[in-house]
Amino acid sequence: MKSQPVGSLEDALLSKVDLRHQQISQTVDEVQRVVHRLTTEISHQDVRFQAVPYSDTYNVNIKVLAPSQFLITVPLRGLAGYREVREQRWRYYTLQGTRLPCPLRDPEGLQQWLATEQFTKSMWQWHETDVNIEGDIVPAKVLQVFRKLVDNAIRTCHLSGKVSLLANRSAVWVAVETSTCQVELELVPMVEISNTWSEKAQWPPCLKRWPNPKKVECIKSFGFNLLASSSYHWQLGFQQAERVLLQQLDEDGGCRRRCLQVMRQLKEDVWCPGKRPVLTSYHLQTVLFWTCEKYPHPKDWQVLSTGLLRLVRKLHKCVSQRFLKHYFVRKSNLLRSANASQLDLVAQKLAFFLKNPQVSLP
């Protein structure tokens, strides 16, 4: 495609954005059929894991990080009545349950411990040693159980020709053959915490004009999630809150969502292509939230090219500094574990784009 100035991006890119949406929608439909089938079988084998429902519209359990990389959250059953607790004890155990001479490190940023005593109601299965050590529900133990269940379900559902469990991963990843391409899914067990907002999420700070207080109250009412994605600590997630923020972005007639779609297209085609990109759609979404907070007025989001350049400047700053704060837990850096050399390469491409805002797509 011929290079065009940023003012013509609407003509050059929006058709590609719409095509991408159609292709992704088809892939999501195929993926969620497979995931629903697998997790239904897993739920039959172990009642602690719920089936991921199939949805004709939006599926909150499926997050598209890149065209060939999805995050699938698998709800857990039998843990209700969550309450925050102040940590008053050290942990002295290995993942095998043996004693340690020194305590494990405390959780940081987006992480926390999770004990069965934090729930007023918990099924007896959560007290079993296959997932529990000294009263703690241990993510690595949950993943170990879950991995075996996924492996069994692939065979039981006769999906071995279509789905394969990926080895040498600390998390549970599967590859799925769709009608157009192979996609990789990270399947993450998730505890849903409803009607309670995490104490670690000190959001919003005072004197912020976006979103308005009524929306903030609504967003917090959805609660948060705890994801089994590391060894000892559960990771905080805010999928429902983020979904509501995205849905209500352009109630004033702005072009915020369109700016995000165009930036995502450029990221995937030009700045950061590939099967396992160093930047995902989640990073771009976070950049958008921060930019909306800085520019809260409707007049700031009337022109697509202006809004896009504003987002790209923020993205370039974050990538160059290798620092992108999580929107809700602001002590956490989303780029902390990212490959530094890959980030530097992306920063160079972003700088080139900002210096000469033209686009040439394959």
Side-chain angles (χ1 to χ4, degrees), residues 28-29 31-65 70-84 110-116 118-128 130-132 136-154 157 163 171-174 176 185-198 201 219-230 233-244 282 328:
V28 167
D29 185 69
V31 163
Q32 70 168 332
R33 289 179 189 277
V34 170
V35 169
H36 175 67
R37 190 171 165 188
L38 282 176
T39 54
T40 299
E41 174 59 29
I42 288 169
S43 187
H44 288 157
Q45 294 179 27
D46 192 324
V47 70
R48 291 173 292 190
F49 298 89
Q50 293 188 52
V52 174
Y54 177 85
S55 174
D56 288 326
T57 54
Y58 179 85
N59 194 323
V60 71
N61 296 104
I62 297 178
K63 182 75 173 178
V64 181
L65 301 178
F70 291 18
L71 173 68
I72 313 294
T73 50
V74 181
L76 297 176
R77 182 187 289 115
L79 295 167
Y82 173 84
R83 61 187 179 210
E84 298 270 8
L110 281 172
Q111 298 179 326
Q112 70 166 66
W113 302 102
L114 188 64
T116 47
Q118 289 181 248
F119 298 92
T120 57
K121 296 179 181 179
S122 58
M123 293 192 310
W124 64 266
Q125 289 95 333
W126 289 112
H127 299 262
E128 292 290 293
D130 63 342
V131 295
N132 195 307
D136 287 328
I137 304 172
V138 183
K141 304 278 280 183
V142 175
L143 286 171
Q144 190 175 39
V145 171
F146 184 58
R147 176 181 287 274
K148 292 178 181 177
L149 291 168
V150 171
D151 196 20
N152 290 337
I154 291 172
C157 295
V163 183
V172 178
W173 285 81
V174 297
V176 177
L185 318 178
E186 183 182 6
L187 304 175
V188 184
M190 173 188 69
V191 181
E192 296 178 294
I193 311 295
S194 301
N195 303 318
T196 300
W197 191 249
S198 171
I219 287 164
K220 286 189 170 184
S221 71
F222 284 94
F224 65 104
N225 304 317
L226 293 171
L227 309 176
S229 55
S230 64
H233 306 130
W234 292 77
Q235 180 173 310
L236 276 70
F238 300 88
Q239 285 89 335
Q240 286 276 30
E242 290 160 354
R243 178 177 67 89
V244 175
Y282 189 75
F328 294 113

Qualifying residues under ring-ring contact (aromatic ring centres under 6.0 Å, His included), relative to Phe119, sequence neighbours excluded | Tyr82

Any residue meeting side chain to side chain contact (heavy atoms under 4.5 Å, CB included) with Arg48, in chain and number order, not counting sequence neighbours | Asp46, Met123, Gln125, Trp126, Asp130, Val131, Val145

Do Val47 and Arg77 touch side chain to side chain, with heavy atoms closer than 4.5 Å?
-> yes

Output the distance between atom OG (Ser198) and atom CG (Leu226), rounded to the nearest 0.5 Å.
-> 7.5 Å

Could you list the residues that satisfy side chain to side chain donor-acceptor pair (under 3.5 Å) with Arg147, not counting sequence neighbours?
-> none

Would you please name every residue forming a side chain to side chain contact (heavy atoms under 4.5 Å, CB included) with Ser230, sequence neighbours left out?
-> Gln111, His233

Output the distance between atom CG (Leu187) and atom CD1 (Ile42), rounded to the nearest 0.5 Å.
-> 7.0 Å

With sequence neighbours left out, write down each residue that passes side chain to side chain contact (heavy atoms under 4.5 Å, CB included) with Asn61, or none if nothing qualifies.
-> Val52, Pro53, Asn59, Thr73, Pro75, Met190

Just jot down the side chain to side chain donor-acceptor pair (under 3.5 Å) partners of Gln240, sequence neighbours excluded, or say none.
-> Arg243

Could you walk me through whether Asp29 and Arg33 pass side-chain contact (heavy atoms from CB on, under 4.5 Å), step by step?
-> CA-CA 6 Å; Asp29 185 69; Arg33 289 179 189 277; 3.1 Å; yes

Between Ala51 and Ser43, what is the shortest heavy-atom contact and its length?
-> N-CB, 4.0 Å

Taking C-beta and beyond as the side chain, do Val191 and Asn225 meet within less than 4.5 Å on heavy atoms?
-> no

Contacts of Gln50 that satisfy side chain to side chain donor-acceptor pair (under 3.5 Å) - sequence neighbours left out | none

When Phe224, Phe222, Phe238 are each screened for ring-ring contact (aromatic ring centres under 6.0 Å, His included) with Trp197, the one that passes is Phe238

What's the spacing between Leu236 CG and Gln112 CD if we round to 0.5 Å?
-> 5.0 Å

Kindly indicate, with the supporting measurements, whether the criterion side-chain contact (heavy atoms from CB on, under 4.5 Å) is fulfilled by Ile72 and Val174.
-> CA-CA 11 Å; Ile72 313 294; Val174 297; over 6 Å; no

side-chain contact (heavy atoms from CB on, under 4.5 Å) assessment of Ile193 paired with Glu84 | CA-CA 11 Å; Ile193 311 295; Glu84 298 270 8; over 6 Å; no

dist Asn152:CG -> Glu41:CD (nearest 0.5 Å) comes out at 8.5 Å

How long is the span from the CD atom in Gln32 to the OG1 atom in Thr39, to the nearest 0.5 Å?
-> 10.5 Å

Using side chain to side chain donor-acceptor pair (under 3.5 Å) as the criterion, list what pairs up with Ser122, not counting sequence neighbours.
-> His127

Separation of Gln118 CD from Asp136 CG (nearest 0.5 Å) = 8.5 Å

Contacts of type side chain to side chain contact (heavy atoms under 4.5 Å, CB included), residue Pro189, not counting sequence neighbours = Phe49, Leu76, Val142, Leu143, Phe146, Ala228

